[in-house]
Amino acid sequence: MVLVITIKDIAKRVGVAPSTVSRVLGNKADFYTAETVEKVRTAARELGYKKNQSAAELVKQHSNVIAAVVSSVKTNFAGEIIEGIQKEAAEYGYKLIIVYSHSADPVEQRSALMTVIERPVMGILLLSMALSDDNLTLLKESQIPFCFLSMGFDDERPFISSDDEEIGYRATKYLVDKGHRHIGFAGLDQYPNTGRLRLAGYKKALAEVSVTPEEYWVQSGDYSYESGLKAMQQYGGKTDLTGVVAASDMVAIGVLNQAHLFGMRVPDDLSIIGIDGTEMCEIVQPQLTSVSQDFYKMGVAGVQRLRQLDLKDQSVKNKQEFVPIKITERGSVSPSLN
């Protein structure tokens, strides 16, 4: 029996994606480091790799498949983004595959990325994914066009997102303008981008009225309903807070329900403003005032970005785009009486 060596065997030996091996051996190695190129070529020689011409021709076929890698954060924003992606993909006859990954686990991230990188896809959309450095390198080395959605960055990574600092600022200032000064921030994550920027906006709005938040006012979490419950439990039923900014709609509902368990009336005793503006805001009582993000537009714009890259428009390769936000007033905020 003749043992046939494939690019997957080389990829496993070197520790890179099969697409990286394919491109290096196809003399498309400009993007890769000299070290990576040498490792791939050395492994190919040592393993006795012989190019499969029919497979090479298959790789050259143009793909019409978009891959969406979705964070498994326990909130409900992703559905609207996926709806936008599906709608716009259908307009151009593109197919869509969706892979879920825990947003902060490098091992799960790598598994999700490998699932799509090993397939012939025209581009990758990453929904609220904070990739580790190694996984970001893996993504870049694949040379597959990509764009982050619903997460912005300080470096040159391409993204389409809301401005997280503006979100934190607008939510807090809305409560400030209603007369509130003791304002908590609940369910905030510890990622270096989203959480940090929203916290900066929150502090900026309070600083404008000469308020320095007490340490316990800011309760960390993961955007989940449980984070809202825990944050409100930490605040307590006799809290001096008159308003709370919730890191997501699900956090806001957790804060709302725990406040009710404490016998507090919303918004008379406590005002709550959520972040996202999904349909969840309208299925609770009182309905939640929110900073609303246009997730659907992010999905549509993501497909359009990949289409431009597929048409070799390099002007959008590292483009960073903010989608406008707005305050949607409902019933969970009232003027402060303090």
Side-chain angles (χ1 to χ4, degrees), residues 1-69 94-126 129-148 153 155-158 305-314 316-318:
M1 183 178 69
V2 178
L3 179 64
V4 178
I5 300 300
T6 70
I7 61 172
K8 287 187 177 181
D9 297 316
I10 300 171
K12 185 176 181 180
R13 165 77 72 90
V14 179
V16 297
S19 57
T20 298
V21 176
S22 177
R23 291 182 175 90
V24 169
L25 297 182
N27 296 317
K28 297 178 181 178
D30 292 346
F31 186 84
Y32 304 107
T33 64
E35 181 182 9
T36 297
V37 172
E38 181 59 28
K39 285 182 177 179
V40 168
R41 289 175 177 167
T42 298
R45 287 195 301 270
E46 292 176 350
L47 292 171
Y49 172 75
K50 300 295 182 182
K51 186 174 181 179
N52 184 324
Q53 189 61 36
S54 61
E57 292 300 319
L58 181 63
V59 169
K60 291 180 181 178
Q61 292 184 7
H62 186 269
S63 173
N64 70 336
V65 178
I66 290 174
V69 182
Y94 299 149
K95 297 179 181 179
L96 175 66
I97 61 173
I98 302 173
V99 178
Y100 288 87
S101 169
H102 191 286
S103 58
D105 186 332
V107 175
E108 287 193 24
Q109 288 178 1
R110 184 178 181 85
S111 176
L113 288 177
M114 292 297 290
T115 297
V116 298
I117 288 173
E118 290 177 347
R119 288 162 171 74
V121 296
M122 64 174 285
I124 302 172
L125 297 174
L126 301 108
M129 292 291 299
L131 294 181
S132 67
D133 290 342
D134 287 347
N135 286 327
L136 180 60
T137 298
L138 174 67
L139 177 64
K140 289 180 176 179
E141 288 189 346
S142 75
Q143 288 196 322
I144 299 172
F146 66 90
C147 184
F148 290 87
F153 300 93
D155 54 26
E156 294 184 350
R157 273 173 278 189
R305 176 76 60 85
L306 293 184
R307 177 173 172 79
Q308 287 176 279
L309 291 170
D310 191 51
L311 295 174
K312 311 304 180 184
D313 181 357
Q314 294 302 305
V316 299
K317 183 177 181 180
N318 293 314

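- Closest heavy-atom contact between Asp105 and Val107: OD1-N, 2.9 Å.
- Remark: Lys95 NZ to Ser63 OG distance equals 9.0 Å, nearest 0.5 Å.
- The shortest non-hydrogen separation linking Pro145 to Leu306 is O-CD2, 3.9 Å.
- Distance check: Asn64 CG to Asp310 CG gives 9.5 Å after rounding to the nearest 0.5 Å.
- The CE atom of Met114 sits 10.5 Å away from atom CZ of Arg119, with the distance rounded to the nearest 0.5 Å.
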Test Leu136 against Arg157 for side-chain contact (heavy atoms from CB on, under 4.5 Å), laying out the working first.
CA-CA 10 Å; Leu136 180 60; Arg157 273 173 278 189; 3.7 Å; yes
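- For the pairing with Val69, the side-chain contact (heavy atoms from CB on, under 4.5 Å) check across Leu131, Leu125, Leu139, Ile124 returns one residue only, Ile124.
- The OG atom of Ser132 lies 8.5 Å from the CG atom of Leu113; values are rounded to the nearest 0.5 Å.
- Residue Asn318 holds its CG atom at 9.5 Å from CG of Asp155, rounded to the nearest 0.5 Å.
- From Asp313, atom CG reaches atom CZ of Arg307 across 11.5 Å, with rounding to the nearest 0.5 Å.
- Between Lys140 and Phe146 the shortest side-chain heavy-atom distance falls below 4.5 Å.
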Take Gln109 and Asp134, measure what side-chain contact (heavy atoms from CB on, under 4.5 Å) needs, and give me the verdict at the end.
CA-CA 10 Å; Gln109 288 178 1; Asp134 287 347; over 6 Å; no
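- For the side-chain contact (heavy atoms from CB on, under 4.5 Å) test with Val37, the passing option among Lys39, Glu35, Arg41 is Arg41; the others fail.
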Applying side-chain contact (heavy atoms from CB on, under 4.5 Å), run through Ile97 and Thr115 and close with a yes or a no.
CA-CA 10 Å; Ile97 61 173; Thr115 297; over 6 Å; no
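- Closest approach of Phe153 and Met129 over heavy atoms only: CZ-O, 3.9 Å.
- Within the 4.5 Å cutoff, the side chain of Asn135 has heavy atoms near those of the Pro106 side chain.
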Apply side-chain contact (heavy atoms from CB on, under 4.5 Å) to the pair Thr36 and Glu141, showing each step before the final yes or no.
CA-CA 10 Å; Thr36 297; Glu141 288 189 346; 3.6 Å; yes
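- Nearest heavy-atom pair across Arg305 and Val316 is CD-O, 3.6 Å.
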